[in-house]
Number of protein chains: 2
Amino acid sequence: MNIGQASATSGVSAKMLRYYESIGLIPKAVRTEVGYRVYTENDVQTLRFIRRARDLGLSIERIKLLVGLWHDRGRSSADVKRVAADHVAELEAKILELTAMRDTLQELADACHGDHRPECPILRDLAGGGAKSRRAPASRKAARASVPAEHC
Amino acid sequence: MNIGQASATSGVSAKMLRYYESIGLIPKAVRTEVGYRVYTENDVQTLRFIRRARDLGLSIERIKLLVGLWHDRGRSSADVKRVAADHVAELEAKILELTAMRDTLQELADACHGDHRPECPILRDLAGGGAKSRRAPASRKAARASVPAEHC
DNA sequence: CGTGGTGCTTCCCACCGTGGGAGGGTCAAG
DNA sequence: CTTGACCCTCCCACGGTGGGAAGCACCACG
């Protein structure tokens, strides 16, 4: 199977196939005499595994671990579960971060008239005036004394 | 004020200050005779604006828009609100995506014994066996015939 | 047998922000 | 004058992915 076939049947682009090989996520493919990469049905299985793992947002590094465990008959499921749990924790953290951003921005947008007038709570907050309702970034220098009011 | 001072009081790293200047997010700073960048209190205000916008996850491109609107006394708040709403929509989409990933992975992890034995639903699913409970990626080639079982 | 189109190769560039660091000039305090 | 803290520019890295150019390989059709 050439790289095009492998790509089409695995859902991993040829570009990514070469990239994964270059970073050692998959072993170097066997080559034909003229240098074409050759893949087996088995390789495609691994690629599909990788593809699904990527779809779940796992980093290449963690996928490396999982592929290793997958190929290791003596693995313990605890090891696999740990990798998954780590990723869940990371996703969770990211979700919380984005949610805080969204909530803050949504509140500001809700407070904005959205009409032809220039007055806008969103800009006021970003300019430092709305120190009361900001909570997203948690830690930030509280010192926000007097705004020179050159803008706004 | 030198770049170090501006950085310290605005919360934007010196590195980023130079970068923002290079991409045109902020105007080119005035220089001393020996080439040091010089900032005013007013520049720092803008930098804090940018910093807070970044904390809310806004892209540089959108921040450019907002800074422009901020400096424009004739703006309409509707324009500002639109930029904010666009970003909220983007955040929302990302949150949904990550949440779907997390939920799927969490379910798989919950089904995993996490003991010394090799049998593991997480790997089974990634290998293509668990076609029943996958829902995250929505569109994927359903054709997942027989797994050669070379692994697992 | 030629030729065109498709496929494969490698290599470089781009994205988006951010950090690190090398190599060199400046400034102020001791 | 020396030393340490700054500042300058320029390059590289990250994570993954896509785009594209230049140059062979292969296949099918005429």
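What you see is a predicted model, and the numbers here were worked out from it, not measured in a lab. In what follows, every chain begins at residue 1, and chains take the letters A, B, ... in the order their sequences are listed.
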Sorted by chain and number, sequence neighbours left out, side-chain contact (heavy atoms from CB on, under 4.5 Å) with B:Asp110 holds for B:Gln106

Comparing nearest nucleotides in DNA chain D, the 5'-proximal residue of the pair A:Leu58, B:Arg31 is B:Arg31

Separation of C:dT6 atom C1' from A:Asn2 atom CG, nearest Å, is 12 Å

Computed from five pairs at either end and rounded to 10 degrees, the angle between the axes of the helix from C:dC1-D:dG30 to C:dG30-D:dC1 is 30°

Mark yes when over 12 heavy atoms from residues, nucleotides or ligands other than A:Lys94 sit less than 6.0 Å from its NZ; otherwise mark no.
no

Fill in: A:Glu21 and A:Arg18: CA distance, side-chain angles, deciding distance, salt bridge (charged side-chain N to carboxylate O under 4.0 Å, His left out) verdict
CA-CA 5 Å; A:Glu21 182 180 312; A:Arg18 299 193 192 99; over 6 Å; no

Detail all sub-3.5 Å separations between protein N/O atoms and N/O atoms belonging to nucleotides 28-30 of chain C.
none

Please produce a list of atom pairs where a protein N or O lies less than 3.5 Å from an N or O of nucleotides 25-27 of chain C.
from, atom 1, to, atom 2, distance (Å)
C:dG25, N2, B:Tyr36, OH, 3.0
C:dT26, O4', B:Tyr36, OH, 3.0

Please determine, by modelled atom types, if A:Ser77 and B:Asp115 share a side-chain donor-acceptor pair under 3.5 angstrom.
yes

What residues 86-93 of chain B contributes to the DNA chain D interface at heavy-atom separation below 4.0 Å is none

Hits for side-chain contact (heavy atoms from CB on, under 4.5 Å) against A:Thr32, two or more places apart or cross-chain, chain-then-number order -> A:Val34, A:Tyr36, A:Val38

A:Leu17 CG to C:dG7 P, in whole Å, measures 15 Å

First and last nt of DNA chain D near chain B, cut-off under 4.0 Å to heavy atoms, 5' to 3', are D:dC6 to D:dT9

By ring-ring contact (aromatic ring centres under 6.0 Å, His included), A:Phe49 pairs with (sequence neighbours left out) A:Trp70

B:Glu33 meets the side-chain contact (heavy atoms from CB on, under 4.5 Å) criterion, sequence neighbours left out, with none

query: Within the structure shown, what part of the strands sits under 4.0 Å from B:Arg18 by heavy-atom distance: base, sugar-phosphate, or nothing?
result: base

Atom pairs, N/O to N/O, protein against nucleotides 18-22 of chain C, distance under 3.5 Å?
from, atom 1, to, atom 2, distance (Å)
C:dT18, OP1, B:Arg54, NE, 3.3
C:dT18, OP1, B:Arg54, NH2, 3.4
C:dT18, OP2, B:Tyr20, OH, 2.7
C:dG19, OP2, B:Ser13, OG, 3.2
C:dG20, N7, B:Lys15, NZ, 2.9
C:dG20, O6, B:Lys15, NZ, 2.8
C:dG21, O6, B:Lys15, NZ, 2.5

side-chain contact (heavy atoms from CB on, under 4.5 Å) filter on B:Pro118, not counting sequence neighbours, yields A:Arg75

Could you go through B:Arg62 and B:Glu90, starting from their C-alpha distance and side-chain angles, then the distance that decides it, and tell me whether this counts as salt bridge (charged side-chain N to carboxylate O under 4.0 Å, His left out)? CA-CA 12 Å; B:Arg62 268 200 258 264; B:Glu90 241 170 57; 2.4 Å; yes

Hits for side chain to side chain donor-acceptor pair (under 3.5 Å) against B:Glu92, two or more places apart or cross-chain, chain-then-number order -> A:Arg102

